[in-house]
Amino acid sequence: MTTLKLHNTKTRKREVFEPIDRDNVRMYVCGPTVYDRAHLGNARPVIVFDVLYRLLRHIYRADHVTYVRNFTDVDDKINARSADSGRPIAEITQETTQWFLDDMAAVGALEPDHMPRATAYIPQMVTMIEDLIAKGHAYAAEGHVLFAVESYKDYGALSGRSVDDMIAGARVEVAPYKRNPMDFVLWKPSDADTPGWESPWGRGRPGWHIECSAMADELLWEKPLAEDRLSESAKERPHVFDIHGGGNDLMFPHHENEIAQSCCANETDSMANYWLHNEMLQVEGKKMSKSLGNFFTVRDLLDQGVPGEVIRFVMLSTHYRKPMDWTQKKREEAETTLKKWYRQIGLSTAVLDNDVHSGTTNALTEDLNTPEALTNCHALSNGGDYSQLRKSLYLLGLFDGNIPDWVKVKGFSDAETGLIRHFLNRRENARASRDFQLADKMRDGLADAGVLVKDTGAEPEFERLSNFNVNKLDELWGDV
RNA sequence: GGCGAGUUGGCGGAGUGGUUACGCAGCGGAUUGCAAAUCCGUGUACAGGAGUUCGAUUCUCCUACUCGCCUCCA
């Protein structure tokens, strides 16, 4: 059996992954708050955990893995967006959710088995909050319900902080109704203009952290339990699941709070056995931010003609636990490499079965070493093993069985293609009569207009360059 | 201030207690009328200091620098 090793944030070590139930490996990853287009940084955890999902399905088989990724569709940022735009909240969240799914599909991410929306799980959250109050871990105050961090002795264990340290360095606003400055909100009151649900504490809405605790437990424990899909080994570890993932900026406070809520409510010593965190994304060496002017969305890139596969390749070319820099140069290199690989695997008709080259799987099972997996793809490419290259790219999510259109399409309209063909025919005549001066002049002219000509084999090939200018092409026609 | 991650050749980026990363760029060659593409070959590295060791880029400590989190940003 394949041995999968993962770096567990809980222990800060690379550990052998042993699922609670190998017939149903369960993973939860924090999803987006749906109020705007996903920026490029949002795509990193999606792609990282998509690779893990694919790998788990490869090892344990597709129907033995359950992957949950939520949508946070109740949040103050959404409320603010609605107030600014005058649009209904439901319209914003539905539209943004679909955008997210479209954009992530474009970068090759499979849809998780469950994609719960927070607003559909309010009753479960209320129940969990009531439970926490009953067990002495939470208290109601002025319409709020707060989690009492001092009631949970392991608070801070994941991120390696003590409550005292946190208070010392805290810059949080200390609300008067908090017993401890680090206590965080489970439930907060809503006014008439804010989305709210009736609860024992009045009309209000959930805090952010409780969403994930409630939805993870519902979909990875209660639901499979009700459907009798949990093995005996799973039942021996009530409420605990295998993997919890997210960006490392969520480690504190979000994941810390999730653990506190889940462990206290469920009376367990653990929420998930393995915690995985991806590092952040930078752009041209700097943190992506609106003030620096280097902020852009996945959709922006796609609209600029950057293929989703190229975005994914660049993401995979850096290990997930290292900061990753998005640069124009990487984008270009990725495109060049992928074009070559797609051309090569197009020569193979190998069935996309589970027989994937060990160099690729061994890299991935060593804590998702995607750069090394890509190196192995280079080796397969250079070695001419296009069948195995095909399967490796499939496992990595860079190939879905069809060569992407952007590799095949040259990017010209029919009229432009006709014009270029005319040129090349005349140039071929010049070449045939060994008038290389004229032939080279024509090629230079086309290059200047943004058309790259390659004299390969019988018929010359041509492709569109980024500086393509149809007006220059027309001018050329006048010159000849 | 607290916690954490990192510093590898021109660039990107893995990995290892003693041996080739790999990719791009460069250089040389094949091929081509010339280019492009393709193929073959090839040089350059492990932040600094101390320690452990027969031997460290790889382990330990220190220093410098970079970055992230501590603020419901993935």
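Within every chain, numbering begins at 1; the chains are lettered A, B, ... in the order of the sequence lines, protein sequences first and strands thereafter.
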Determine the interplanar angle of the W208(A) and H254(A) rings, folded into 0 to 90°, and report it as parallel if under 30°, tilted if 30 to 60°, perpendicular if over 60°.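 Answer is parallel, since the angle falls under 30°.
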If I pick the [atom1] atom on [M] and the same atom on [N], what distance separates them, to the nearest angstrom?
N      : M      : atom1 : result
U58(B) : C46(B) : P     : 11 Å
U52(B) : G23(B) : C1'   : 36 Å
C11(B) : A25(B) : P     : 16 Å
G43(B) : C22(B) : P     : 11 Å
G18(B) : G29(B) : C1'   : 35 Å
G10(B) : G26(B) : C1'   : 8 Å
G12(B) : G6(B)  : C1'   : 16 Å
U20(B) : U16(B) : C1'   : 12 Å

Decide, yes or no, whether a salt bridge links [X] with [Y] under the criterion of side-chain N to carboxylate O below 4.0 Å.
X       : Y       : answer
D191(A) : R203(A) : no
R299(A) : D103(A) : yes
R427(A) : D455(A) : yes

Has the side chain of [X] got a donor or acceptor that lies under 3.5 Å from a partner of the other kind on the base of [N]?
X       : N      : result
R443(A) : A35(B) : yes
R12(A)  : G4(B)  : no
D455(A) : C34(B) : yes

So which atom in K188(A) and which in P206(A) form the shortest heavy-atom distance, rounded to 0.1 Å?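 Heavy atoms of K188(A) and P206(A) come nearest at CE-O, 4.4 Å.
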Find which nucleotide of RNA chain B each of Q344(A) and G31(A) is nearest to by heavy atoms, and output the residue with the more 5' nucleotide.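 Its nearest nucleotide lies further toward 5', so the answer is Q344(A).
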Given RNA chain B, 5'-ward residue of the pair K454(A) and T318(A), judged by closest heavy atom: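 Closest to the 5' end, via its nearest nucleotide, is T318(A).
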Any [X] side-chain nitrogen or oxygen under 4.0 Å from OP1 or OP2 of [N]:
X       : N      : value
S159(A) : C3(B)  : no
N369(A) : G15(B) : yes
K322(A) : U7(B)  : yes

Choose from [options] the nucleotide whose nearest atom is closest to any side-chain atom of [X].
X       : options                : value
D75(A)  : A36(B), C72(B), G33(B) : C72(B)
R343(A) : G15(B), G12(B), U38(B) : U38(B)
D440(A) : A37(B), A74(B), C34(B) : C34(B)
Q282(A) : C67(B), G13(B), G15(B) : C67(B)

Will you find, in the side chains of [X] and [Y], an N or O donor that is under 3.5 Å from an N or O acceptor?
X       : Y       : answer
N42(A)  : H39(A)  : yes
E258(A) : S213(A) : no
E15(A)  : T11(A)  : yes
H7(A)   : H277(A) : no
E150(A) : N180(A) : yes

For [X], which contact category applies under a 4.0 Å heavy-atom criterion: base, sugar-phosphate, or nothing?
X       : value
R205(A) : nothing
H319(A) : sugar-phosphate
E332(A) : nothing
F436(A) : base
K339(A) : nothing
V453(A) : base

Distance in angstrom units between [X] [atom1] and [N] [atom2], rounded:
X       : N      : atom1 : atom2 : answer
M315(A) : G13(B) : CE    : P     : 13 Å
E428(A) : G33(B) : CD    : P     : 12 Å
Q437(A) : C34(B) : CD    : C1'   : 12 Å
F147(A) : C72(B) : CZ    : P     : 17 Å
E335(A) : G12(B) : CD    : C1'   : 17 Å
L368(A) : G15(B) : CG    : C1'   : 17 Å
N257(A) : C69(B) : CG    : C1'   : 14 Å
F252(A) : A74(B) : CZ    : P     : 17 Å

Residue from F49(A), Y28(A), Y274(A) passing ring-ring contact (aromatic ring centres under 6.0 Å, His included) with H244(A):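 Among the candidates, only Y28(A) passes.
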I need a per-nucleotide contact map over nucleotides 19-25 of chain B, read 5' to 3'. Cutoff is protein heavy atoms under 4.0 Å; write B for the base, S for backbone only, - otherwise. --BSBS-
Would R431(A) pass as a cation-pi partner of F436(A), given that its NZ or CZ must be under 6.0 Å from the six-membered ring centre and within 45 degrees of the axis?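 Relative to the ring axis of F436(A), which defines the angle, R431(A) lies outside at least one limit.
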Give RNA chain B the dot-bracket treatment, 5' to 3': Watson-Crick (N1-N3 with N6-O4 or O6-N4) or G-U (N1-O2, O6-N3) under 3.5 Å, [ ] crossing, | other strand. (((((((..(((.....[...))).(((((.......)))))....(((((..]....))))))))))))....
